[in-house]
Amino acid sequence: RTSIVDMLSGAKGSKIVRDLMDSGALNEHDIVNTGYRRQQLRLFENMLYHDCLDEYKRDAMEKPNTKDETAWQHFFEQNEWIFGYGLSYRFNTILRREFAASNTDADGSGQVNTDFLTADDRFTAFVELKKPDTPLFGTMRNRSGAWKLSTELLEAHSQALQQKAAGVIKLENSRFLTGNKGQLISQRSLDPQITVVIGSWSEIKDDTDYTRRREKQQTFELFRQDSRNITYI
C-alpha cells in the first residue's frame, strides 16, 4: 500500500501539493509548520537518547551552565504544541511557566510550584516535568510479581496531588492572576487534570530479561490507570 509520504515524494508529488494549495486545503504555513515540528521531534529524541542536552543549552539557549530541568522547561515552552498531542489535544496553551500554586508560609517558605499551568479556552490543567533519567522502579520485585515503584515516582505523585489541591484553591479564589503574556487568567480550575512527564520507557524496553520487562510494564501501566486525574507520560 502506498503511503502518503511515498506519494508526495514521487514524480507527481509536487503537483499534488500545488493542487492542495490551489484548493485552499494546504498553505505554505502548514508545510513550514509540519517541517518545523518534525525537526523539533528529532531534536527531542537526540536530547533524550543521544546526550545532546548540553548542545541544546549552548546553541539554542546560549546558557551552557543552566540546569537540566531548566533546559527541558525551555524546550517544552518553545514547543507547547507537544502538550496538545500528549494531552489528547485538550490543553495546548501554556498560561504560565513555574506557576506558584500556593502562597508561602509566614517565614516565606512552603510555596508549592508546578512547572506549567496550561489551559484550553475554559479550564486549566497542570504539567510537572521530571528528568528523563528519573527512575521509575526500585531494584526489587514484590512477592506478588509486581515491581516496587521508585521513591522518586511516588514523591512525584504526592507532589502532583499537592499541586492540584493548592492550585485549585488559588485559581478559584484569586481574581486577578495573569499569564506569561500579561493576560488575565479567566479559565476555571475544576478538578483539573495533572500530567507528570517523568523517566524514560527505555528503563522497561531495554531490560533484557523478558519476565522482568513484562512485570515492569504491567506494574507501571496498572499504576497509571489507577491514578485518578494524574496522567503519566
Side-chain angles (χ1 to χ4, degrees), residues 66-138 149-201 220-233:
T66 194
K67 296 189 299 182
D68 289 357
E69 294 91 337
T70 304
W72 283 110
Q73 282 182 337
H74 181 271
F75 175 80
F76 282 112
E77 191 172 25
Q78 297 301 308
N79 294 278
E80 63 180 1
W81 55 272
I82 291 178
F83 289 141
Y85 287 125
L87 306 182
S88 302
Y89 297 95
R90 183 175 178 187
F91 301 103
N92 53 18
T93 297
I94 296 174
L95 294 179
R96 180 162 287 281
R97 176 183 177 182
E98 295 184 343
F99 174 67
S102 73
N103 297 319
T104 62
D105 295 334
D107 62 358
S109 64
Q111 181 168 282
V112 177
N113 294 317
T114 186
D115 286 312
F116 292 107
L117 173 67
T118 68
D120 60 11
D121 291 338
R122 299 179 181 86
F123 298 103
T124 62
F126 301 114
V127 177
E128 178 65 26
L129 301 180
K130 301 298 181 184
K131 293 193 295 184
D133 58 359
T134 303
L136 302 175
F137 302 97
L149 298 172
S150 71
T151 300
E152 291 85 351
L153 178 58
L154 295 178
E155 287 178 348
H157 188 81
S158 177
Q159 179 185 10
L161 292 175
Q162 179 60 21
Q163 289 170 349
K164 173 178 177 175
V168 167
I169 294 173
K170 183 168 185 176
L171 286 163
E172 285 298 295
N173 294 331
S174 301
R175 301 178 63 182
F176 301 109
L177 294 176
T178 57
N180 286 339
K181 300 177 182 179
Q183 77 278 26
L184 181 67
I185 297 176
S186 59
Q187 290 90 338
R188 300 291 305 278
S189 186
L190 301 174
D191 196 17
Q193 178 180 340
I194 310 171
T195 298
V196 179
V197 183
I198 186 170
S200 173
W201 190 252
F220 187 60
E221 184 62 18
L222 288 172
F223 175 73
R224 289 180 67 246
Q225 294 295 339
D226 200 43
S227 299
R228 177 180 173 272
N229 266 2
I230 301 182
T231 300
Y232 285 91
I233 297 178

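Model, not experiment: these values are computed from the prediction. Below, each value reflects all heavy atoms present in this structure, side chains not excepted, and no hydrogens, waters or symmetry copies.
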Go through the steps to decide whether Gln187 and Phe123 satisfy the test side-chain contact (heavy atoms from CB on, under 4.5 Å), and finish with yes or no. CA-CA 5 Å; Gln187 290 90 338; Phe123 298 103; 5.6 Å; no

Looking at Asp191, I'd like to know if its CG atom is crowded, meaning that more than 12 non-hydrogen atoms belonging to other residues, nucleotides or ligands lie closer than 6.0 Å. yes

As an exercise, state the distance from CG of Leu95 to CG of Asn180, rounded to the nearest 0.5 Å. 8.0 Å

Decide yes or no for Arg188 and Arg122: does some side-chain heavy atom of the first lie under 4.5 Å from some side-chain heavy atom of the second? no

Leu117 versus Ile185: any side-chain heavy-atom pair under 4.5 Å? yes

Mind telling me whether Tyr232 and His157 have parallel, tilted or perpendicular rings, with 30° and 60° as the class edges? parallel

First locate atom OG of Ser174, then atom CD1 of Ile169, and finally report the distance between them rounded to the nearest 0.5 Å. 10.5 Å

Do the non-hydrogen side-chain atoms of Thr114 and Lys164 ever get within less than 4.5 Å of each other? no

Cut-off 3.5 Å, side chains only: do Gln73 and Glu77 have a donor facing an acceptor? no

Would you say that Leu177 contacts Arg96 through its side chain, given a criterion of any heavy-atom pair below 4.5 Å between the two side chains? no

About how many Å separate CZ of Phe116 and CG of Leu129, when rounded to the nearest 0.5 Å? 5.5 Å

Parallel, tilted or perpendicular: which one describes the rings of Phe126 and Phe99, with boundaries at 30° and 60°? parallel

Where do Ile198 and Leu136 land on the side-chain contact (heavy atoms from CB on, under 4.5 Å) test, with the steps shown first? CA-CA 8 Å; Ile198 186 170; Leu136 302 175; 4.1 Å; yes

Any chance you could measure Thr93, atom OG1, to Lys181, atom NZ, to the nearest 0.5 Å? 8.0 Å

